[in-house]
2 protein chains.
Amino acid sequence: MASSVSTPRLRRSAPGGETVEHDSRFDRRLTEILACATDVFYEKGYAAASVRDLSRATGMSLAGLYHYFDSKEKLLYLIQKQTFSTILERLRERLEGVTDPEQRVRIFIHNHLEYFLANKKAMKVFSHEADVLTGEAGSQVRAIKREYYRACIALVEDLGRAKGLEWGPAEVRIAVLSLFGMVNWIYTWHNPRTDADAGALSTQMADMFLQGILKRKKRTHKTTQS
Amino acid sequence: MASSVSTPRLRRSAPGGETVEHDSRFDRRLTEILACATDVFYEKGYAAASVRDLSRATGMSLAGLYHYFDSKEKLLYLIQKQTFSTILERLRERLEGVTDPEQRVRIFIHNHLEYFLANKKAMKVFSHEADVLTGEAGSQVRAIKREYYRACIALVEDLGRAKGLEWGPAEVRIAVLSLFGMVNWIYTWHNPRTDADAGALSTQMADMFLQGILKRKKRTHKTTQS
DNA sequence: GCCATATTCGAACGAACGTTCGAATTGTAT
DNA sequence: ATACAATTCGAACGTTCGTTCGAATATGGC
């Protein structure tokens, strides 16, 4: 349970705890490789990126890389898990102590955008290669994602309750998924030199989203649409 | 200029116009193959899908497929170009004669969602493999995309003018790109059996979007955000 | 210095990739 | 039936893929 990201291929580490320096060394190098791999996956996409591309990007030999991970798929898993665990963890920290429902939704959006723009490449790799992973690794990543989704659903439901609005589950679902679309789509267009930063962006998007769901037109729930 | 999708590999067709039946036959088969390829690209992603997967899906031999296209990349080009040309064409038809700015924005959203849900796989392939194509083919596809983006920008600007609202270019840009995010993200979550159809979805999303941009809070244009 | 351990590497493995080619087969008009 | 073009195919091309292995090199405690 020492470091979050390492999963040494062999040996559960020596009985004593004396290899701390070595484990940390291993972890530091692995982190470097993960950062490099994130870049490469971002540029070429996971499937099209080869381990030889990684070798070129890191300056390490092909075989040398495999000292740090079992397979290319495991590498994607490590990136995705670390990325999304972090954003969820930060969200929890920032929500702590804040009780106003509207402010809590704003915090969600701000947290997401800030992390998204600061880790644009990792977040693209996460979003874009969402269902590549299979088996246990895929289940774990999907579980974190579902947790994040549920957290946002809860925030919006709380807001609706506080404002005395009657939203059905379907309406909340669509509103939240629309919000996810808004914020996740950013990696396709955001240019850090010309576009606003996370603060301004999250303010505008939060205004838009909140006005959109709070001042919504009353409609019959029948789906009558010309 | 006969049929929209065919680009025979060789021979510009015989001098006379007597091979009409044959060309149509060729085109019908190619359309089948494009549909199959769309499915396969949708399931596995363009890079991870092999021509052998296509061979399996179509029931045609590996070499036989190459009678219909030059390369795997050209196949992606044909899918993307046809898909997005159609959605743009339909948008133009539907906007014709409608003058109310708000209604025109609603038509944009409805058109997009309807086509998106009816051709979910093709649209995912379009969205997901947006910048795979290079060279001439890539330029063409990007040009159509830019045209579509500009059309939406114009619709929103018209709406703002009609309502007497003072939106800067940056605000319009972010609003439109947020809208694109909302509607394009759908392929990641929409389940036709449990989620609403295009009509109901576009109504809810249009309500949300329009309320969001029309009833927006006044803010100073400085990016002051805690 | 020495030893055990951790790290790195060159070289190679079999498999799968996109694509090609010449022959076999089908379809159509005479 | 014959002839000609359109279509389909089996087999193979050279390349690149993810991964492995055993040997070499660096590292740090004695």
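Small disclaimer: the values here were computed from a predicted structure and weren't measured. Throughout, a chain's letter reflects where its sequence line sits, starting with A, and its residues are numbered from 1.
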Legend entry - B:N184 side chain near B:H112 side chain, heavy-atom distance below 4.5 Å: yes

Inset, instruction - Step by step, work out the salt bridge (Lys or Arg N to Asp or Glu O under 4.0 Å) result for B:D131 and B:R142. - result: CA-CA 8 Å; B:D131 43 3; B:R142 273 187 291 274; over 6 Å; no

Inset, instruction - Calculate the interatomic distance between B:Y66 atom OH and D:dA11 atom P; express it in whole Å. - result: 19 Å

Legend entry - Residue-level proximity of residues 37-44 of chain B to DNA chain D when a heavy atom falls under 4.0 Å: none

Inset, instruction - Select base, sugar-phosphate, or nothing to describe what B:A49 touches, counting heavy atoms under 4.0 Å on all strands. - result: sugar-phosphate

Inset, instruction - Answer yes or no on whether B:K72 is positioned over the face of B:Y77, meaning its NZ or CZ is under 6.0 Å from the six-membered ring centre and within 45° of the axis. - result: no

Inset, instruction - Can you sort out the partners of B:E32 under side chain to side chain contact (heavy atoms under 4.5 Å, CB included), two or more places apart, ordered by chain and number? - result: B:R29

Legend entry - Under-4.0 Å side-chain N/O to phosphate OP1/OP2 contact, A:S61 with C:dT8: no

Legend entry - Whole-Å distance separating the NE2 atom of A:H67 from the P atom of C:dT5: 13 Å

Inset, instruction - Answer yes or no for A:K124 and A:Y187: cation-pi contact, defined as NZ/CZ to six-membered ring centre under 6.0 Å and angle to ring axis within 45°. - result: no

Legend entry - For atom CG of B:D53 and atom C1' of C:dG18, their distance in whole Å: 12 Å

Inset, instruction - Can you tell me the distance, in whole Å, between the CG atom of B:L76 and the P atom of C:dG18? - result: 13 Å

Inset, instruction - Could you check A:L65 against A:L62 and say which one's nearest nucleotide on DNA chain C is further toward the 5' end? - result: A:L65

Inset, instruction - For A:L30 and C:dA6, give me the distance from atom CG to atom C1', rounded to whole Å. - result: 15 Å

Inset, instruction - Ignoring backbone atoms, test whether A:Y68 places a side-chain nitrogen or oxygen under 4.0 Å from the OP1 or OP2 oxygen of C:dT8. - result: yes

Inset, instruction - Confirm from the modelled atom types if A:R52 and D:dG18 form a donor-acceptor pair under 3.5 Å, side chain to base only. - result: yes

Inset, instruction - Take the protein atom CE of B:M60 and the nucleotide atom P of C:dT25, then report the distance between them rounded to whole Å. - result: 18 Å

Legend entry - Output field: ring centroids A:F41/A:F126 closer than 6.0 Å: no

Inset, instruction - Mind calculating the distance between CZ (A:R29) and P (D:dT27) to the nearest angstrom? - result: 11 Å

Legend entry - Donor-acceptor pair, side chain of B:E129 and main chain of B:Y46, under 3.5 angstrom: yes

Legend entry - Length of the CZ-P vector between A:R25 and D:dA26, whole Å: 12 Å

